[in-house]
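What follows is a single structure, written as structure tokens, with notes after it.
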Amino acid sequence: DMVIAARDVTLTLGNGTAATAILKGIDLDIGRGTSVALLGPSGSGKSSLMAILSGLERASAGRVTVAGLDFGALDEDDLARARRGRIGIVLQAFHLLPTMTALENVAVPMELAGIADAFARAESELAAVGLAHRVHHYPTQLSGGEQQRVAIARALGPRPALVFADEPTGNLDATTGAAVMDLLFERRAAAGATLVIITHDPVLAARCDRVVELGDGRIVADRAA
Ligand code: ADP
Ligand code: ADP
């Protein structure tokens, strides 16, 4: 039961003599409920691969099936619609909407995904990440660790099949980062979601079921953590 099936995925940027191969034939299957650490040096293609698997960017060639969606068969609008509620994303730089409260940041995407009682559910999601007392705060009124906890609540609130995280603790100090990471693992386990996480942290990678390592646009290692 694969949540991710990628076949000979390539990404080429630019064209003609200026074309650069970023991803050079990625084959990757990830089973439901697995946690996978994506490792590799800077520039090896981790963020590009995550962008393609999360439907934010199109592959140049190959086949991508994620959470039951054949990305190649969907146009941009259908893809954007289909991703809602199925795929959650947590990025290094939080990306909360500054004009919305914590509660709205979590609830509005759920409403867009057609989920009933979005505000009530958002409130319990925020309580689950320890932010019951911060629901009406705006992002600028929250610490970095609190903002990232809102981002976790937002990503996992709709109970997505799949959550992507790109160095989610990259902007946090070690203690705050460890607490945020605990919450991410705890909430994703509660939601039964598959997790793909980009990290440079070997301790964090060891918490995952599997480690996939990229090098120069290719998978160079794939092992149990
Ligand atoms: P990561 O933290 O995922 O390893 P990097 O820190 O290498 O990513 O890159 C952060 C951002 O900078 C990414 O959006 C990436 O596309 C871009 N980037 C990475 N390498 C380069 C480069 N050599 N030149 C320009 N932009 C780059
Ligand atoms: P990683 O996440 O492993 O650091 P990235 O996926 O960010 O790697 O980048 C892989 C390669 O693609 C790098 O060489 C980077 O310079 C290049 N790259 C990424 N985004 C862009 C972009 N928008 N334009 C040009 N090159 C890019």
Side-chain angles (χ1 to χ4, degrees), residues 3-30 34-67 69 71-72 75-76 79-80 83 87-96 144 147-148 151-152 154-155 160 162-174 177 180-181 184-185 188 193-225:
V3 174
I4 292 178
R7 287 289 167 278
D8 203 14
V9 167
T10 64
L11 177 66
T12 307
L13 296 177
N15 39 48
T17 53
T20 309
I22 307 293
L23 297 175
K24 304 174 181 175
I26 300 286
D27 288 299
L28 184 62
D29 286 314
I30 297 178
T34 318
S35 55
V36 178
L38 201 51
L39 300 184
S42 198
S44 58
K46 304 182 297 296
S47 299
S48 301
L49 179 58
M50 184 172 285
I52 288 172
L53 296 178
S54 58
L56 294 174
E57 189 160 352
R58 293 269 184 187
S60 305
R63 190 179 170 93
V64 180
T65 310
V66 174
L69 303 170
F71 281 7
D75 69 24
E76 302 295 327
L79 183 55
R83 292 170 63 245
I87 298 174
I89 303 178
V90 180
L91 297 169
Q92 186 169 342
F94 320 141
H95 290 290
L96 302 177
Q147 289 183 56
Q148 198 61 313
I152 289 169
R154 179 181 57 182
L162 182 59
V163 177
F164 291 100
D166 188 348
E167 299 199 52
T169 61
N171 285 337
L172 305 174
D173 64 68
V180 162
M181 203 53 76
L184 177 60
F185 273 81
R188 87 104 195 169
T194 304
L195 173 68
V196 178
I197 185 165
I198 293 181
T199 181
H200 290 111
D201 179 355
V203 176
L204 177 55
R207 288 180 70 164
C208 295
D209 301 319
R210 179 175 165 196
V211 175
V212 172
E213 196 175 332
L214 288 190
D216 193 24
R218 294 189 172 86
I219 292 176
V220 296
D222 188 344
R223 58 181 183 273

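Model, not experiment: these values are computed from the prediction. Atoms within each ligand, like the ligands themselves, are counted from 1 in listed order.
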I'd like to know if the side chain of Asp209 and the backbone of Ser35 have a donor-acceptor N/O pair within less than 3.5 Å.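 Here the side-chain-to-backbone pair exists.
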Whether Gln148 side chain and Pro168 backbone form a donor-acceptor pair below 3.5 Å: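 Yes: the side chain of Gln148 pairs with the backbone of Pro168.
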Could you establish whether Ser44 and ligand 2 come within less than 4.0 Å of each other, counting only heavy atoms on the residue side?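 Under 4.0 Å: yes for Ser44.
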Contact between Pro41 and ligand 2, counting heavy atoms under 4.0 Å?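 It does, in that a heavy atom of Pro41 comes within the 4.0 Å cut-off of ligand 2.
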Using a strict cut-off of less than 4.0 Å between a Lys/Arg side-chain nitrogen and an Asp/Glu carboxylate oxygen, indicate whether Arg218 and Asp27 qualify as a salt bridge.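 No.
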Taking side chain as C-beta onward, heavy atoms only, is Thr194 less than 4.5 Å from Ile4?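 No - every pair of side-chain heavy atoms lies 4.5 Å or more apart.
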Within a distance under 4.0 Å of any heavy atom of [X], pick out the atoms of ligand 2 and give their elements.
X	answer
Ser47	1 (P), 2 (O), 6 (O), 7 (O)
Ser42	4 (O)
Leu13	21 (C), 22 (C), 24 (N), 25 (C), 26 (N), 27 (C)

Considering distance alone, does some N or O of Gly45 sit under 3.5 Å from an N or O of ligand 2?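 Yes.
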Which heavy-atom pair separates Phe71 from Leu53 by the least distance, and what is that distance?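 Nearest heavy atoms, Phe71 then Leu53: CE2-O, 3.5 Å.
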